[in-house]
Each structure stands twice: as structure tokens, then as C-alpha cells.
Amino acid sequence: MKILYLIPARGGSKGIPKKNIKEIAGIPLIGYTIKAAKEVADSIDICVSTDSEEIAEVAESFGVEIPFLRPAEISSDFATNEQVIMHALDFYRDRGISYDFVVVLQPTSPLRTGTHIQEALTLIKEDSELIVSVKETDSNPYYVLFEEDKKGVLCKVKNGVFTRRQECPIVYELNGAIYVINAARFREKGYQKLNMTKYLMDKRNSIDIDDLIDFSLAEILLSQRPDAQNI
């Protein structure tokens, strides 16, 4: 199996300016994901897809080459991950390099490690189309999630009578850390139609940085990790 490890890192973060290269526990955020990728792959198979020369420079300082700067048409707020993945696959195909799988690693999951990636890869089967990392959700739709109907009445998102949360069916939430994508099925069907199977991660390592609260929590946990500065 030939695998591309794709790290999408757009420069135009709104919630946290320059989020992907903002230092967290003394290290630029993207550094944690590059380190995790290098634990399982050679640098030649790691691609940081960015539109930012500043991000590219930081990524290169962690020992990976930047094969291209992402074109403007797939760098806006409206660009999709599907477009970014297809652009990377096409870039390498045009140069005679064909990948069987793409592992998408978002920089906003700094507690995901090489061990997690390797564990997800062991789940690949002959018919695998998409393996996604998940955690057990804290917001179980059978218990604490409600939608408002036309009369303003709150109704449970999922029907069921449960007196304790522990009695509810287990529901999983994407944590954004790892996406293992069958490249051929992706080209045929597109991302949204791929059959998903799960790779389960714990809550601690599932933090996905979206705002400053997430950033602060991740920084505390990273500073407690024995290898935090060993990058």
C-alpha cells in the first residue's frame, strides 16, 4: 500500500489568527501533526497543503518539503476538504505517483500521535472506503440534544425513554484527527458517499482546536506530556 499523509493548513484562520502556526506549549501547532506523521511515514509521502508562505516556512523547519502552494480557488472559506484532497492526488498523479490511500491529518488535533495513526491504519480491509477517528459523544442525542418544533417546543433529536445517560445507545462523534481514505473509491464516489467505519479515540486525545478555550485546554494537556518539547 502506498499512502499519502496530507496535512491541510490554510492560512486564513478567523477564530484564532494564524492558528496553524501559533505556538502551543512552546511549539507551533502544526509541528505536532508533522511529528505524528513522521513517526509513521517518510517525509517524501507527507504533504502540507497550504496557501500560506509563512505556514510553508514553518512546516519546512520540521523537516518536510512543501511541494506546492495551494491555488487561490481552493483556499477560500468556501473551499472543501474534498477539493483539497483531489488537488493533492492530481498533483502527484500528474508526476507519475499514485497513492492507494490518503490519510488526512488536520493540524487542529495536536494530541493525536503516530501511534493513533498506526492503529487506524491497521483497520484497513480490502473493502475499506473511509476510516474516521471518533470519540464517544458527550452530547448524546437520546438524552441531552433537542430540536425546536414549529410551536417552539423542544423535542428530543432521537426518540427513546432513558432515565440515565448510561442506558442510552452509544453514539460516536467525529473528532477530526484522522481520516483514512481509499483514493480509488474517493475518485469514483466523492467523499460524501464513502462508507465510513470508525477508529475510536479517547476524549483526552480527541481535542480539536476551534477556539481559544480549546486552545487553552490543549496547551495544558500538551504541557503535561513528557515528550512535549521533544519535537
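Computed from a prediction, not measured in an experiment: that's the story for all the values here.
Around the CG atom of Asp211, the shell of radius 6.0 Å holds more than 12 heavy atoms that belong to other residues, nucleotides or ligands. Heavy-atom contacts from other residues, nucleotides or ligands closer than 6.0 Å to CG of Leu154 number more than 12. Counted within 6.0 Å of CD on Glu65, heavy atoms from surrounding residues, nucleotides or ligands total 12 or fewer; the atom is thus considered open. In the displayed structure, Glu53 atom CD is contacted under 6.0 Å by at most 12 heavy atoms of other residues, nucleotides or ligands. No more than 12 heavy atoms of other residues, nucleotides or ligands lie within 6.0 Å of NZ in Lys18, so this atom counts as exposed by the packing criterion. Other residues, nucleotides and ligands contribute only 12 or fewer heavy atoms inside 6.0 Å of the CD atom of Glu57.
Residue Leu105 holds its CG atom at 8.5 Å from CD1 of Ile46, rounded to the nearest 0.5 Å. Separation of atoms CD1 (Ile207) and CG (Asn175) is listed at 10.5 Å; rounding is to 0.5 Å. Of the inter-residue distances, the one linking Ile30 atom CD1 with Phe62 atom CZ reads 8.5 Å to the nearest 0.5 angstrom.
A cation-pi arrangement, defined by a distance under 6.0 Å to the six-membered ring centre and an angle within 45 degrees of its axis, is present between Arg95 and Phe91. A cation-pi arrangement, defined by a distance under 6.0 Å to the six-membered ring centre and an angle within 45 degrees of its axis, is absent between Lys135 and Tyr172.
When all heavy atoms of Phe68 and Ser49 are compared, the pair lying nearest together is CE1-OG, 3.7 Å. Of all heavy-atom pairs between Gln106 and Asn81, the closest is OE1-ND2, 3.8 Å. Of all heavy-atom pairs between Pro107 and Pro8, the closest is CD-O, 3.1 Å. The two residues Val180 and Ala120 come nearest to each other via the heavy atoms CG2-CB, 4.3 Å. Annotation for Ala177 and Met201: closest pair CB-SD, 4.0 Å, computed over non-hydrogen atoms. A pairwise comparison of heavy atoms in Gln83 and Phe78 identifies OE1-O, 4.3 Å as the closest pair.
The closest side-chain heavy-atom distance from Val48 to Val64 is below 4.5 Å. With contacts defined as side-chain heavy-atom distances shorter than 4.5 Å, the pair Asn205/Thr113 does not qualify. Side-chain atoms of Lys22 and Phe215, non-hydrogen and from C-beta on, do get closer than 4.5 Å to each other. Considering only heavy atoms from C-beta on, Pro71 comes within 4.5 Å of Ile74 through its side chain. Using a 4.5 Å heavy-atom threshold, the side chains of Glu147 and Cys155 count as separate. Proximity of Ile97 to Lys2: side-chain heavy atoms (C-beta onward) are separated by under 4.5 Å at one or more points. Side-chain atoms of Leu6 and Tyr179, non-hydrogen and from C-beta on, never get closer than 4.5 Å to each other. Contact check for Leu221 versus Leu111: side-chain heavy atoms found under the 4.5 Å cut-off.
Checking side-chain atoms of Thr50 against main-chain N and O of Ala9 turns up a donor-acceptor pair under 3.5 Å. Between the side chain of Glu39 and the backbone N or O of Gly114 there is at least one donor-acceptor pair closer than 3.5 Å. In this structure, the side chain of Glu219 engages the main chain of Ala25 through a donor-acceptor pair within 3.5 Å. Within the 3.5 Å criterion, the main-chain N or O of Gly11 finds a donor-acceptor partner in the side chain of Asp51. In terms of modelled atom types and a separation under 3.5 Å, the side chain of Asp214 and the main chain of Asp210 share a donor-acceptor contact.
At a threshold of 4.5 Å between side-chain heavy atoms, the hydrophobic network of Ile, Leu, Val, Met, Phe, Trp and Tyr places Leu194 and Leu4 in one connected group. There is a path of hydrophobic side-chain contacts, each under 4.5 Å, that joins Tyr5 to Ile66. In the hydrophobic cluster analysis, where Ile, Leu, Val, Met, Phe, Trp and Tyr join through side-chain heavy atoms closer than 4.5 angstrom, Val103 is grouped apart from Tyr99. Under the 4.5 Å side-chain heavy-atom criterion for ILVMFWY residues, a single connected hydrophobic cluster contains both Ile21 and Leu29. Residues Ile34 and Ile24 fall within the same hydrophobic cluster, defined by Ile, Leu, Val, Met, Phe, Trp and Tyr side chains chained together at heavy-atom separations under 4.5 Å.
A side-chain donor from one of Arg112 and Thr33 sits under 3.5 Å from a side-chain acceptor of the other. Between the side chains of Asn182 and Ser128, not a single donor N or O lies within less than 3.5 Å of an accepting N or O.
With respect to Lys189 and Glu129, a salt bridge is recorded, a charged nitrogen being found less than 4.0 Å from a carboxylate O. A salt bridge links Asp90 and Arg187; the closest N-O separation between the charged side-chain nitrogens and carboxylate oxygens is under 4.0 Å.
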| field | Step-by-step side-chain contact (heavy atoms from CB on, under 4.5 Å) determination, Lys19 to Ile209 | value | CA-CA 9 Å; Lys19 176 172 63 177; Ile209 296 177; 4.1 Å; yes

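Proximity of the aromatic rings of Phe186 and Tyr191 is defined here by a centroid distance below 6.0 angstrom, and this criterion is not met.
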